[in-house]
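Okay, so here's the structure we're looking at.
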Amino acid sequence: MAKPTIVILGAGYAGLTAALTLQKNLTEDDAKIILVNKHSYHYQTTWLHENAAGSLHDNHTKISIDKLIDQEKIECLVDTVTEIRSEKQHVCLAEHGCITYDYLVVALGFEMNTFNIPGVTEYAYTIGSIDKSSHLRQQMDNKLAAYSKQKSDHPFTIVVGGGGFTGVEYLGELTDQLSDWCKKYQLTKQDFKLITIEREHSVMPGFNLELGEYAMQALENKGITFYLGTSVKRVRADHVIVEKNSWTQEIPMSMFIWTAGVRANRLIEQSDLPDKNGSVEVTADMRVPHSKNVFVIGDSATIYHPEHGEAIPPTAQMAMQQGKICAKNIVAMIKGDKKEIKPFNYKEQGIIASLGKKDAIGILFNNKKIFGREAVMLKRLIENRVLYQLGGLSLLRKKKKF
């Protein structure tokens with residue numbers, strides 16, 4: 001009997017964890033495992049705001065996949081997925097053509113959601129990948145260099161669309177960078193104007209209100225201006241049009257950064273997988289409904305909270321937990337042990353958002369709220385724990401944060 005082929009699409013937190021768990025629990029004789037990823041590296045998505053602001057080098061965020069996987073157990077294809085056809089049990093790749101599978105794990109991650117706002121695609125910068133973060137940082141440097149030569153009477157205005165986790169963390173890094181920019185480009189802090197536009201009436205909507213207020217106060221003390229209850233209506237090359245209470249306003253700006261939303265990879269809705277708003281409402285064991293061999297994990301999957309029934313926001317920790325249970329369920333299926341197929345049970349381990357290098361906010365699994373340096377230290381501990389989970393002590397020594 002031929003050994004089954006397992007194909008994993010994507011090496012983000014979910015896909016990579018699934019691959020590493022399969023590698024640990026299967027031998028070369030048990031299954032053929034193929035990991036497909038657009039790049040030869042995994043990158044720490046939760047660090048991208050630091051890359052975008054220039055406070056962390058891109059190479060520190062990248063982790064070579066071949067340093068993590070056992071290449072005798074897993075074949076890694078650096079390629080782009082172009083098509084998913086579950087009815088034919090194959091996926092198509094740009095360079096390697098179509099490959100068939102016995103088990104498929106879809107972990108293609110997210111892309112930015114523009115909500116069809118005119119001008120966002122054309123004029124906004126994003127930080128959804130290492131390449132986009134790098135591009136944003138380079139353009140910021142170029143525009144600051146040009147601004148310093150012009151000696152304009154108008155401030156260099158950075159507008160961030162979105163006051164959620166990503167926007168807040170990016171703003172925290174930006175404010176830390178101002179002193180360095182002033183020295184490098186012979187500017188003063190008065191030459192800068194930083195604005196955040198948030199559609200909801202609080203910063204970090206959906207998060208703890210007290211922590212959101214703390215974050216806004218901390219960032220306001222660093223010079224950030226918040227436009228709450230305000231929607232972005234249109235983005236132009238040099239200004240953004242916003243609306244609040246049916247009144248519109250035109251805000252001149254030097255750069256516009258969009259952090260207001262993400263959506264599942266568009267390949268999901270282009271496939272024959274049943275999607276709702278672009279993602280798949282998976283079963284308890286992370287499978288596609290009415291499918292025996294297709295699993296969807298990470299940002300492509302929708303999971304509802306068992307108590308209040310609302311969709312659980314995707315996070316890195318949830319993606320890693322999904323990757324682990326998904327892989328263990330595949331192992332159980334291959335070994336014919338149906339009793340070992342387990343439902344996914346998300347265990348919240350706390351959420352922490354940084355407000356720069358010296359401040360952070362968070363809420364732990366027991367609903368304890370933490371602020372300031374305590375939160376900073378715990379965030380570093382969590383980041384280092386993720387490194388250890390992915391690559392053990394060797395990766396932790398190489399990439400750890402202090």
Which donor-acceptor pairs under 3.5 Å do the side chains of residues 156-182 make with protein atoms, sequence neighbours left out?
from	atom 1	to	atom 2	distance (Å)
T157	OG1	P155	O	3.3
E169	OE2	S354	N	2.8
E169	OE2	S354	OG	3.3
E169	OE2	K379	NZ	3.3
E173	OE1	S55	OG	2.6
E173	OE1	K357	NZ	2.8
E173	OE2	K357	NZ	3.4
T175	OG1	L171	O	3.3
T175	OG1	G172	O	2.8
D176	OD2	K357	N	2.6
Q177	NE2	A53	O	3.3

Report task. Return the set of residues passing ring-ring contact (aromatic ring centres under 6.0 Å, His included) with Y125 (not counting sequence neighbours), or none when no residue passes. Result -> H135
Requested in this report: Evaluate side chain to side chain contact (heavy atoms under 4.5 Å, CB included) for T302 paired with D275, printing each intermediate quantity in order.
Outcome: CA-CA 9 Å; T302 297; D275 74 281; over 6 Å; no
Requested in this report: Can you tell me which residue pairs pass the salt bridge (Lys or Arg N to Asp or Glu O under 4.0 Å) test with a partner in residues 388-402, sequence neighbours excluded?
Outcome: E50-K401, E383-K401
Query raised in the report: Looking at residues at least two apart in the chain, or sitting in another chain, which of them share a ring-ring contact (aromatic ring centres under 6.0 Å, His included) with H154?
Result: none
Report summary line: Here the side-chain hydrogen bond (donor to acceptor under 3.5 Å, both in side chains) pairs for residues 226-255, sequence neighbours left out, are none
Requested in this report: Sort and list the pairs that fulfil salt bridge (Lys or Arg N to Asp or Glu O under 4.0 Å) and have at least one residue in residues 20-32, not counting sequence neighbours.
Outcome: none
Under 3.5 Å donor-acceptor pairs involving side-chain atoms of residues 41-48, not counting sequence neighbours:
from	atom 1	to	atom 2	distance (Å)
H42	ND1	A11	O	2.8
H42	NE2	Q44	OE1	2.8
T46	OG1	Y13	OH	3.2

Query raised in the report: Is there a donor-acceptor pair under 3.5 Å between the side chain of S300 and the backbone N or O of V296?
Result: no
Could you tabulate the donor-acceptor pairs under 3.5 Å formed by side-chain atoms of residues 66-77, not counting sequence neighbours?
from	atom 1	to	atom 2	distance (Å)
D70	OD1	E72	N	3.0
K73	NZ	Q23	O	2.8
K73	NZ	L26	O	3.3

Side chains of residues 96-106: which donor-acceptor pairs under 3.5 Å do they make with residues two or more places apart or in other chains?
from	atom 1	to	atom 2	distance (Å)
H96	ND1	D79	OD2	2.6
D102	OD2	T5	N	2.7

What pairs of donor and acceptor atoms, side-chain ones from residues 203-214 against any protein atom, are under 3.5 angstrom apart with sequence neighbours left out?
from	atom 1	to	atom 2	distance (Å)
N208	OD1	E210	N	3.0
N208	OD1	L211	N	3.0
Y214	OH	D359	OD1	3.0
Y214	OH	D359	OD2	3.3

Report summary line: Contacts satisfying side-chain hydrogen bond (donor to acceptor under 3.5 Å, both in side chains) that involve residues 105-119 (not counting sequence neighbours) are E111-R266
Query raised in the report: Tell me the disulfide (SG to SG under 2.5 Å) pairs involving residues 196-231, sequence neighbours left out?
Result: none
